[in-house]
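To keep things clear, I will list the structure first and then write my remarks on it.
Atoms within a ligand are numbered from 1 in the order they appear, just like the ligands themselves.
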Amino acid sequence: MYDRNHLAHRLRRASAHADDRPFLIHGAGWRATSYGTFFHNAERMASALERLGVHPGDRVAVQAPKTQEMLELYVACALAGAVFLPLNTGYTPPEIRYFLSDAAPVLFVCDPDKLDALTPVARDCGVAQIRTIAANGSGTLREAREAEVPGYDPVPRGPDDLAAILYTSGTTGRSKGAMLTHRALASNAETLCDVWRFTADDVLIHALPIFHTHGLFVATNVTLMAGGSCLFLPGFDADAILAAMPKATALMGVPTFYTRLLDHDGLAEAAAGMRLFISGSAPLLAETHDRWRDVTGHAILERYGMTETNMTTSNPYDGERRAGTVGFPLPGVELAIRDPETRADLPQGEIGVIEVRGPNVFAGYWQLPEKTAEELRADGFFITGDLGKVDADGYVHIVGRAKDLIISGGLNVYPREVEALIDDLPGVLESAVIGVPHPDFGEAVVAVAVPQPGVEITEAGILAGTADALASFKQPKRVIVLPELPRNTMGKVQKAALRQDHAGLFA
Ligand code: AMP
């Protein structure tokens with residue numbers, strides 16, 4: 001019966017005749033939840049959704065801890081034809097108010113610890129039903145599931161129906177709800193399963209949050225489609241990951257996972273039997289790639305994607321995984337480098353805005369037709385807002401976000417070029433280059449640099465290191481040394497915060 005529901009059918013196909021196989025493996029005791037139990041629970045959860053008044057097309061918003069129950073709710077939404085809407089666990093009640101009023105869900109699921117604070121918010125927004133999921137999975141949503149029996153008849157859903165809305169992280173302005181169809185999620189996971197060679201023998205270390213595309217769709221959907229297992233960890237914990245590696249085959253992480261793991265003894269031994277290390281969501285420094293290979297013998301496979309497009313490029317499974325690049329467009333995905341003003345294709349090697357077209361691309365922003373028309377064009381291309389180039393061998397390089405481009409004295413400065421140079425200076429761990437308002441130049445180039453542990457670096461030293469290597473308009477006017485860069489939960493450097501902190505530097 002699952003075959004009438006585009007996404008649920010594809011998530012269940014590999015395990016349909018393997019109910020005893022472990023899907024989720026939890027905690028230190030390696031307690032396993034089988035595929036049979038997981039899907040039967042999801043079916044019961046879907047029945048519970050119907051009983052709570054959730055109809056096909058309705059939104060189900062959830063801000064809850066990373067639990068099996070939250071994944072059951074995701075699959076239950078697909079089965080019931082509802083739209084799953086996960087929210088970052090760090091959002092405060094005023095932020096939640098915005099999402100609930102914008103998306104108008106029928107049901108809101110939250111952590112019981114936040115129930116008192118969030119109930120009035122949900123009520124004000126007209127949300128009919130509120131249920132809870134606690135960190136241990138207990139709560140009123142599980143109680144509702146327990147009252148139902150397995151054997152739900154999935155609501156028919158086609159490829160164009162909505163499966164989820166994920167709000168973008170919104171570093172500028174309000175965040176927007178990216179509408180993701182059954183086709184976009186299913187086709188992307190099928191492609192990734194294929195190109196990364198995931199099978200039922202894989203055991204993936206899952207330490208990412210499940211309110212974001214990386215942990216929810218890339219990690220979870222790929223495992224389900226392969227019929228493999230997830231070692232389901234509540235979050236990043238270097239010791240837990242190292243302990244898991246000998247029983248695992250693959251790790252998906254953000255770059256900070258890799259830099260932090262490199263600081264731990266025993267990595268080489270732990271990683272010896274692993275098949276694959278994947279990185280994404282933020283740029284992986286070439287230096288981290290090289291150090292990882294030196295210590296473990298593995299080349300990290302870096303890929304690129306975003307909430308709106310799912311994954312779009314990947315380094316090859318076989319062949320050179322080129323450090324500092326995000327590899328080639330995935331099968332079925334078209335990628336173009338275009339002039340930001342005219343949208344004309346640029347010659348190979350030139351930097352422009354990355355545009356993407358394919359079955360992986362979202363269906364538009366929730367209730368924002370004008371914003372959608374600006375970014376998702378009538379010809380099917382989505383203007384990502386990322387700047388990049390394609391090298392002579394076809395590898396895609398990400399240069400940064402278009403909004404991070406610095407225009408100093410009327411000339412374009414690509415932060416990545418300056419960062420790469422500073423990162424290579426002795427004693428520098430990493431850097432972020434930003435544009436700061438300047439009375440003469442409009443914007444001035446400012447570098448924020450982080451020293452390697454135990455090393456001292458100075459503004460004068462860095463300025464001297466860049467002086468001969470860069471045209472003067474690209475040279476930092478000031479260097480700020482910080483112990484670390486501000487990052488969000490997905491490891492992305494928060495340049496908007498840095499710009500704000502240093503806005504008055506030349507005032
Ligand atoms: P999100 O929608 O939160 O997944 O953020 C997507 C953005 O993260 C992209 O538009 C890129 O700017 C950035 N990103 C994702 N993967 C990479 C990568 N491998 N290298 C550089 N930037 C990346």
Any nitrogen or oxygen of His212 lying under 3.5 Å from a nitrogen or oxygen in ligand 1? Just yes or no. yes
With a 4.0 Å cut-off on heavy atoms, is Met490 touching ligand 1? no
Subset of ligand 1 atoms that lie under 4.0 Å from at least one heavy atom of Val326: 18 (C), 19 (N), 20 (N)
In sequence, state the C-alpha distance, the side-chain angles, and the governing distance for Arg343 and Glu355, and then conclude on salt bridge (charged side-chain N to carboxylate O under 4.0 Å, His left out). CA-CA 9 Å; Arg343 293 193 67 222; Glu355 296 194 12; 2.5 Å; yes
Of all the non-hydrogen atoms in the protein, which one sits nearest to atom 12 (O) of ligand 1, and at what distance? Asp386 OD1, 2.7 Å
Any N or O of Thr384 that comes nearer than 3.5 Å to an N or O of ligand 1? no
How are the rings of Phe441 and His438 set to each other: parallel, tilted or perpendicular (split at 30° and 60°)? tilted
Show the atoms of ligand 1 that are less than 4.0 angstrom away from any heavy atom in Pro283. 20 (N), 21 (C), 22 (N)
Within the 3.5 Å criterion, strictly below it, is a donor on Asn315 or Tyr395 matched to an acceptor on the partner's side chain? no
Between Tyr365 and Lys371, is there a cation-pi geometry (under 6.0 Å to ring centre, at most 45° from the normal)? no
With a cut-off of under 6.0 Å to the ring centre and 45° to the axis, is Arg275 in cation-pi contact with Phe277? no
Just to check, does Thr168 reach to within less than 4.0 Å of ligand 1 when the distance is taken from its heavy atoms? no
List for me each residue that meets side-chain hydrogen bond (donor to acceptor under 3.5 Å, both in side chains) alongside Asp345, sequence neighbours excluded, and say none if there are none. Arg338
Using a 4.0 Å cut-off to any heavy atom of Arg401, which atoms of ligand 1 qualify? 10 (O), 12 (O)
Should you measure from each heavy atom of Thr307, which atoms of ligand 1 turn up under 4.0 Å away? 1 (P), 2 (O), 3 (O), 4 (O)
Please state which part of Lys492 comes within less than 4.0 Å of ligand 1, counting heavy atoms only: side chain, backbone, both or neither. side chain
For the CD atom on Gln348, are there more than 12 heavy atoms of other groups (residues, nucleotides or ligands in this structure) within a distance under 6.0 Å? yes
Sequence neighbours left out, what passes salt bridge (Lys or Arg N to Asp or Glu O under 4.0 Å) with Lys66? Give chain and number order. none
Is Glu302 close to ligand 1, meaning an N/O of one under 3.5 Å from an N/O of the other? yes
Closer than 4.0 angstrom: is that true for some heavy atom of Arg303 and an atom of ligand 1? yes
Between Thr181 and Asp160, do the side chains contain a donor N or O and an acceptor N or O under 3.5 Å apart? no
Among all protein heavy atoms in this structure, tell me which lies nearest to atom 6 (C) of ligand 1, with the distance rounded to 0.1 Å. Met306 CB, 3.2 Å
For ligand 1, indicate whether the residue Ala282 contacts it via side chain, backbone, both or neither (heavy-atom separation under 4.0 Å). backbone
Mutual orientation of the aromatic rings belonging to Phe382 and Phe362 [parallel < 30°, tilted 30-60°, perpendicular > 60°]: perpendicular
Residue, atom and distance of the protein heavy atom nearest atom 13 (C) of ligand 1 read Ser281 O, 3.8 Å
